[in-house]
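What follows is one structure encoded as structure tokens, with my remarks underneath.
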Amino acid sequence: MDAFTATSASALRSAHERFLTSLGTPEGVRRLVADSWQRCAAGGVQPDGSRLPPLRGTAEQLAAYRRTHPLVTVLPLFRELLGAGAADDGHVFAVGDADGTLLWVEGDTAAVERAERMHFAEGAMWSEAQAGTNAPGLVPELGQPVQVVAGEHYSVAAHGWSCAAAPIRDPGTGRVLGVVDLSGGGTIATPPALAAVRGAALAAEAELARKLTAPAVLLGPDGRVVRQGRGLPGRGRRRTAVGAGPGQCPAGVRGARPPAEPAAQRDRGRARSGGPWRNR
């Protein structure tokens, strides 16, 4: 059985109710879903939606964390590949870290606001241990693309949603850096949605690999390029940056500050609100 098998919403609800009543081996659901439900039950995750995923720190802490996360460099790529479609089709796309914390959640305004009501919002911790069975939470657990449909979610708060997510790996080490996710209604419970996140993840990995192999750049005190290439002198190594672009001041250069996310990129072509952060 896969995510695209014609399992009705009522059948999934019945399977969910049977499992919560008996806590035996789940029946009528895919193996990865059954295994996740059992882990959630053993870990004390609330299936009734009474405990929403918590937020990770304050808004200021989240902003600082995002500025230094390696996936900030490929965020414009995700916006180009997934952002416009999300806004037009009434769903959201999200980028999370390797622990399941959502770093960016963007897309259709109404969908973003609806997602915030169940704390699917920037800074929320959507690991399996915190939010139950869900695609962006399962990807770090399994290390592979995952699709979770409607009633397959462990928490009933997410039963009105379907999600598809894929891992983004460090091209140098192979470790999972984070996840890219699409969440919404029935259109996300389809093969094209899973293919879209897989393609976006592969494109991000290719871009990260390109940056990794870019020539080193030595900057002078005024920020201008003094020399570039792979054979920089030893005295300059402390001030060497990899993949620095025009106008960037890379970490490791004397006097440099971590690159801030440009306001124009942050706000272009997406709908965002402060969500749960507004009152923090």
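Residues satisfying the salt bridge (Lys or Arg N to Asp or Glu O under 4.0 Å) test with Glu205, not counting sequence neighbours, are none. The ring-ring contact (aromatic ring centres under 6.0 Å, His included) check on Phe78 picks up nothing, with sequence neighbours excluded. Remark: Glu207 engages Arg210, Lys211 in a salt bridge (Lys or Arg N to Asp or Glu O under 4.0 Å) (not counting sequence neighbours). Residues passing the salt bridge (Lys or Arg N to Asp or Glu O under 4.0 Å) test with Arg169: none are found, sequence neighbours excluded. Checked against side-chain contact (heavy atoms from CB on, under 4.5 Å), Ala34 has the following partners two or more places apart in sequence or in another chain: Pro26, Val29. Listed by chain and number, the residues in a side-chain contact (heavy atoms from CB on, under 4.5 Å) with Ser22 amount to none (sequence neighbours excluded).
Of all the heavy atoms in Val139 and Ala166, the pair that sits closest is CG1-C, 3.9 Å. Considering all non-hydrogen atoms of both residues, Gly160 and Arg114 come closest at O-NH1, 4.2 Å. Between Ala131 and Trp126 the shortest heavy-atom distance is CB-CE3, 3.5 Å. Summarising the geometry of Arg66 relative to Val72, their closest heavy-atom pair is O-CB, 3.5 Å, with the distance given to 0.1 Å. For Gly49 against Ser155, the heavy-atom pair with the smallest separation is CA-OG, 3.6 Å. Shortest non-hydrogen contact noted between Ala201 and Ile168 is CB-CG1, 4.1 Å.
Both Val197 and Leu75 belong to a common hydrophobic cluster when Ile, Leu, Val, Met, Phe, Trp and Tyr are linked at side-chain heavy-atom distances under 4.5 angstrom. Criterion: ILVMFWY side-chain heavy atoms under 4.5 Å apart, direct or through other members. Under it, Leu103 and Leu208 are part of a common hydrophobic cluster. A continuous path of hydrophobic side-chain contacts links Leu81 to Trp104 [ILVMFWY only; heavy atoms under 4.5 Å]. Both Leu82 and Leu77 belong to a common hydrophobic cluster when Ile, Leu, Val, Met, Phe, Trp and Tyr are linked at side-chain heavy-atom distances under 4.5 angstrom. Criterion: ILVMFWY side-chain heavy atoms under 4.5 Å apart, direct or through other members. Under it, Leu71 and Met125 are not part of a common hydrophobic cluster.
Here the side chains of Pro140 and Ser127 are not in contact, with every heavy-atom distance at 4.5 Å or above. With a 4.5 Å cut-off on side-chain heavy atoms, Val149 and Ile188 do not count as touching.
The CG atom of Asp108 lies 9.0 Å from the CD atom of Glu113; values are rounded to the nearest 0.5 Å. From Leu202, atom CG reaches atom CZ of Arg198 across 9.0 Å, with rounding to the nearest 0.5 Å.
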Using residues 85-100 as the side-chain source, report each donor-acceptor pair under 3.5 Å to any protein atom, sequence neighbours left out, with the distance given to one decimal.
from  : atom 1 : to     : atom 2 : distance (Å)
Asp97 : OD1    : Asp99  : N      : 2.9
Asp97 : OD1    : Gly100 : N      : 3.0
Asp97 : OD1    : Thr101 : N      : 2.9
Asp97 : OD2    : Arg56  : NH1    : 3.1
Asp97 : OD2    : Tyr65  : OH     : 2.7

Below 3.5 Å, can you tabulate the donor-acceptor pairs from side chains in residues 170-183 to any protein atom, sequence neighbours excluded?
from   : atom 1 : to     : atom 2 : distance (Å)
Asp170 : OD1    : Gly172 : N      : 2.6
Asp170 : OD1    : Thr173 : N      : 3.3
Thr173 : OG1    : Arg175 : N      : 3.3
Asp181 : OD2    : Ser183 : OG     : 2.6

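Pairs engaging residues 10-28 under the salt bridge (Lys or Arg N to Asp or Glu O under 4.0 Å) rule: none recorded [sequence neighbours left out]. Counting only residues at least two apart or on different chains, the side chain to side chain donor-acceptor pair (under 3.5 Å) pairs with a member in residues 37-53 are Arg39-Glu128, Asp48-Ser50, Arg51-Gln130. For residues 159-212, every residue pair satisfying the ring pair (Phe, Tyr, Trp, His ring centres under 6.0 Å) rule, not counting sequence neighbours, is listed here: His16-His159. Listed by first and then second residue, the side chain to side chain donor-acceptor pair (under 3.5 Å) pairs involving residues 131-141 are Ser36-Thr133 (not counting sequence neighbours).
A donor-acceptor pair is defined here as one N or O able to donate and one able to accept, closer than 3.5 Å; no such pair exists between the side chain of Glu152 and the backbone of Leu12. A donor-acceptor contact shorter than 3.5 Å links the side chain of Glu122 to the backbone of Val105. Side chain of His119 to main chain of Ala124: no donor-acceptor pair is present (N/O by atom type, distance under 3.5 Å, no hydrogens or angles).
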